[in-house]
Structure formats: C-alpha cells, structure tokens
Protein chains: 2
Amino acid sequence: MANIRDVAKLSGHSISTVSRVINQRGYVAGKTAAEVRQAMKTLNYHRNDLARALSLGKTYRVGVVLPYVNHPYFQKLADAIISAAFANNYQATFLQSNYSPEEEIKFLDMLKHHAFDGLIFTSRAIPFDKLVEYKKYGPITCCEDTFDYPLSSAFTDRRASFVNALQTLKDQGYTKIGMTISRSENTSQSAKLTTEAYREVFGEDIRDELLFRESKTMFDGITAVAQFLNYEPDLQVAFCNGDEIAAGAKRQLKEMNRSDVLVTGQENLPISFLMGFSSIDHRLTEMGEEAFELLFKDEIIKKPIPSRFMRRGKLRDDSDQNQDEIDRILN
Amino acid sequence: MANIRDVAKLSGHSISTVSRVINQRGYVAGKTAAEVRQAMKTLNYHRNDLARALSLGKTYRVGVVLPYVNHPYFQKLADAIISAAFANNYQATFLQSNYSPEEEIKFLDMLKHHAFDGLIFTSRAIPFDKLVEYKKYGPITCCEDTFDYPLSSAFTDRRASFVNALQTLKDQGYTKIGMTISRSENTSQSAKLTTEAYREVFGEDIRDELLFRESKTMFDGITAVAQFLNYEPDLQVAFCNGDEIAAGAKRQLKEMNRSDVLVTGQENLPISFLMGFSSIDHRLTEMGEEAFELLFKDEIIKKPIPSRFMRRGKLRDDSDQNQDEIDRILN
DNA sequence: ATTTGTTGTGGAACTGGTTCCATACGTTAT
DNA sequence: ATAACGTATGGAACCAGTTCCACAACAAAT
C-alpha cells in the first residue's frame, strides 16, 4: 500500500508538497500538482485516515452511550444524534452500557484514549462526579438535567412533564391510577421523578399495589394491567413508562373488556397514534440534535426543552394546541 | 499529555520495556514493571488508541451502511449487528446512505482509507460489482442474496417468503389483495420480489390500482387502504411492506368499519402482535449476527436464513409451529 | 536600490504507538 | 567445556500522516 513518501519519491517532489496537493492547501504550482496527482494515480495512493487522525489529534467521531440499543426511547434519541453528527461530518458510534458502571467507565476511558472526540450520555449509572472528572479528556454532554454539575445538557424537565400529564388527568376526574416504572425508584431517575410527580399532584404516595416496577416490554404492560385490576377494579388510568408498554396495556384492557380504562404512554411513537392512546412526547429528536450541538461549544450550556402531552382518545381536547401538532404530522 | 517516551524516560527504562508492561507481553522483571507502572501513574499516562491503531493497522471498528437509521427494518438489523460487534470487542458505526450512490461510494472510500476494518451493507443502491471492486481494501458482507458475486452474505430468501405468505393466503381463499411496496419495482429489490411473488402465486400481474408505491410510513398504510377500497370494494387483504405501514392500514380499516379485511406486515415488530395482524419475520436478529460473523472469515460464505410467516388473527392456525414461537415469546 | 509581499518548494520534527533484532546474563544439558 | 535455552532489556525502524520553518525567486512598492 503506497504512502505519501512513495508518492513524493515517484513524483520527484517533497512530502510537504504532496501533502499540500492532497489537502489543497498552501501554494503549489499547477505543473507540480499535476505531476503529484499522476504519481498518486500510478501508485493507487489513498490517504490513511488513521495516520491523519493521529497527526491532527482529532477523530471526527463521537461516542453515544446508551443503556440499550433496542429500546425505543434511546433508539429515537440516538438516531437524532447520529443524524446531527452526520450532518456535521462526524461519525457516531453506539456504546451500549446495560447500565453497567464498569462499561460506562470503559467508555470514558475510550475518550481518555483518544478513540473519540467527545461523548454523549443519553443516560447513565455512574454519578455525575465521574463524568466531570473525565471532562478534561474531552467534551461530554448529557441528555438529562445536570443540575449544578459543570456539564452541558439538553433535556426535558421530566418531573414537570409527569406533573402536567397527571394534573390533566386529575382535572378531568381521573384519580384511580396505576403506574409502571422502568426500574426501582432508587436506581432510576425517571422512576423517581414519576412517583414524586404523583405525590405532588395527589398529595400522597401511590399505593404500592398500583405501582409496577421493572417494566420494560409490552408484556410488562399486559402483566401490569392485570395486577392493577386485581387490586383496584375501579382503575381509571394505566400510566405507563413507554409507548410499547402502554400498547401492551391497551391490548390487555381490550381483551378484558375494560376499554373504559385510559392508557397513557411516553415517547410519542407511531403506535400511540395508531392505537389511540395519549403519550408524553419528550422531544427526543430535538434533544438529540441539541446534545450534539452542545458538545463542541466552549461554555457549559443547559438547554431545557419543553415536553408535550399528546392527548388522544377520551382525553382529546380540540382547543388544545397539541392537536395542531398532530394535524401537522398527519399531513 | 504524557506519551510512552515520557514514561520510558521517567522510569529509566526503554520504550520497548514500557510497551511490554502496557501490553503484558514478553519478558519483564517484576521490579522493572513496578517502576514503569509507578511512572505511568505519576505522569497520568494512558495509551493513545489512535497511535496503536495506526501501528497495528487495525481499528476494531466496522461500518454499517444502511439507508435510514430510523426505519424499523434497518433499526432491528443494525441493532443486531451492533450487539454482535460489541460482543467481539468491535465497535460499529452507522453510515446512513439515503440510498445515494455517492454516499455509498464515500463509505467504501472510508474503508479504503482504513477508517474501518470492514463494512456491512444492509442494503445498497450501487451494483454488487462496485462492492467487489472495493473488497481488496477490506472485508465486505451483505444482508441480501449476493448470487454469484464473490461477497459473503447472510440473507433470507425474500422471494420465497413472499410466495409462502401469498400462497397461504390463496389457499385460505383470499385472492383480492392490495399490496404496498417501498419504492418502484425498478429501484427496489424487495419491491421487485414482491410483485414477482404475486405473479408466481396468482399467475398474473397485480392490478396497478392495487399496488401502492413509495410506501414508507404508517400514513402510507392509511392512504393505501383508502386507495385499494376505492378501486376494489371487495378487498380481502392489505399486504404491506412493513409493520408500521400495516398498523396504519389496520387502523384505517377499523375506522372505515372494514375490519373484515386482513392485514399482513413484515418485521414481526411488537406492534404486529399487539394489533393482531400477521407478519413476515425476516429473522433480522439472526441475519445481523451472521453478517458480522462472516465479515472476518476467509472464505466467501452465503448463509441463507429461513424466514417465518407469523399467522395471527383469522389466519391463525393452531397446528402451525409458528404458534409455538409466539408462545415462547409470550413467556 | 532596497524593502516588502506573494508564490513555490523542501527539510525535519512532530503525532504515539509496535515490533524485530541484537545483546547480555544465568542456568541446564551434552 | 561449551552449546542451547530462557529471561531481561534497549536500539531503531516502522506505521503514515501534518506542519513549522527556512529559503528562493520574482514582482511591486517605496
């Protein structure tokens, strides 16, 4: 495989001159450039991006840390990051953590080892302190509120989103609510925020029988609904931690002839529209784009993004501006 | 930032020795190793993966070329590839082509430029010849039948899958069928195979009014069904080119009080189960895993993977072994 | 006539690793 | 006694680029 030195030798010019021709930078006479190009063609030369990256100290690659690649929330978010990166001539690589702190440290070490120019954490198991500690090796941004930590972030105020959705439900007379959460309240930030929002709106903790933990797939939605109805036959709402879970719940309710029970999901996936249940739109597309943009800004910027509660079915309110958005999507 | 030479100098040992300590290879005395490690700690040294990659001529990265990152088919396939790569200590990077030949050439050039150790094409716009031409720069595998071309591949015989599904429908008396296809029959391989399969089973071309082209999203499913029913009120089946499209079709049919019309999708996503329509499972997970495995094998291997027609709703046949699979998933 | 600026080119140091080879010493086998 | 081998270490070439700096040649301005 020919390198730049071979091209220099064959063309009879110096390495510097060849480099100038390749990168079209600096002064090169037309005749010289032509000779160099001829030599490149003869030798079938092509630049080695690795050597270039080493020399420049820049990879044009970012790592996207996410717990699961096949989870709709992270999929949507990561897709947005990929697209934004691509539009800026960067490549993005998915780094699946399974919420393992050891894996996350490995990814941070990759940043330290110059494998990436920067890292985006869509979620995490390790504390923010650890991220701050690694910031000296390259920029790191988060897709969640970083509070007082010196880390840039693009995020929706999920607590406010949950409060808003629950308040809407309460205002319309729905008070008997079952909830699913992703992990336990101790390990998952969103689980914690969900139960806190309930407490804020209803002034008391949710009954333990109406809280379904470790909810990940549509089958958990099916199971959760059965559990809720077992303890509370007058159930009015299944408040789910994702659209696929909500879809499972919706299906099970139909099967049990309890389509009177409302279902709400999150992520605003096509399925929520198709099956006609409400969904909290966390604006993952906007979040992903912002997270990438912030990566290469010098200041620490915290970019809150307002979420939307997409009200469908019985919750639908034609005076609601969300409907405009739905109509926009439909056309 | 300290490098290996700095560590060598501070520890009073040679670069070679430091390298041996880092990589735990060759002979190093215990005392020497300790001194080197102490120097590394003092200098806060960490290896530069770029330099290492350059020296080794190996990046431990593969590129995954796919037309759209937010398309369920490619998402599922690409996720499987990512997971397989990760399990083998490789990183995978998504390269979105939008079916643009220029972009695909760019990705092939990245292989040439040593940015990746190999490439996996999940789909493509450029001819196989071009891929073969670039094979000398690194391994390339495909996720579709590569016929007589010297390219490894993991694929399902989609034509056979379509024939099988359509034959099943015909056997059960369903003959009035509308079909959606992703692009036109000229540009899309799967579109071509779909219409060919129809011809094989029914002995004639599908009526143009019952063929809906450029079908990509759930909204296309909605539009397609309306078109089909307009021309053929006795429609019996909407045969869709994806589960989200099928879900759109199913919803529209319900809205039009025509739930008697069967719907079939592809990809076997959760939504197909939840909304109760049949779906062709192209075994994308297995395909992705295989595609990665094949990348680093020396011989050219073509790995056909049998697809499955997941029969649901009125098509459900309890003697069908597919049901075992569904039950397995449910538990 | 001298300074200044533009154009054009090459040398050499720099990015930070890996690895082949030579050398040296101590131990064991012939 | 010496050949053969295992242990331990260092030197230097190698991977393949980028870029600073020096130096010429020539034109235009002072």
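Below, read A as the first sequence line, B as the second, and so on, with proteins coming before strands; counting in each chain starts at 1.
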Is the shortest distance from a Lys or Arg side-chain nitrogen in Lys106(A) or Glu102(A) to a carboxylate oxygen in the other one below 4.0 Å?
no

Can you check each nucleotide of nucleotides 10-25 of chain D against protein heavy atoms at under 4.0 Å and return B for base, S for sugar-phosphate only, - for none, in 5' to 3' order?
BBB--BBBBB------

What is the distance, rounded to the nearest whole Å, between atom OH of Tyr27(B) and atom P of dC5(D)?
12 Å

Do other residues, nucleotides or ligands put more than 12 heavy atoms under 6.0 Å from Asp148(B) CG?
no

Using a strict threshold of under 4.0 Å (side-chain N to carboxylate O), is an ion pair present between Glu144(B) and Arg124(B)?
yes

Side chain of Asn48(A), backbone of Leu50(A): donor and acceptor closer than 3.5 Å?
yes

So is Lys58(A) actually on top of Tyr60(A)'s ring, under 6.0 Å and inside 45° of the axis?
yes

In whole Å, I'd like the distance from the CG atom of Leu43(B) to the C1' atom of dG16(C).
14 Å

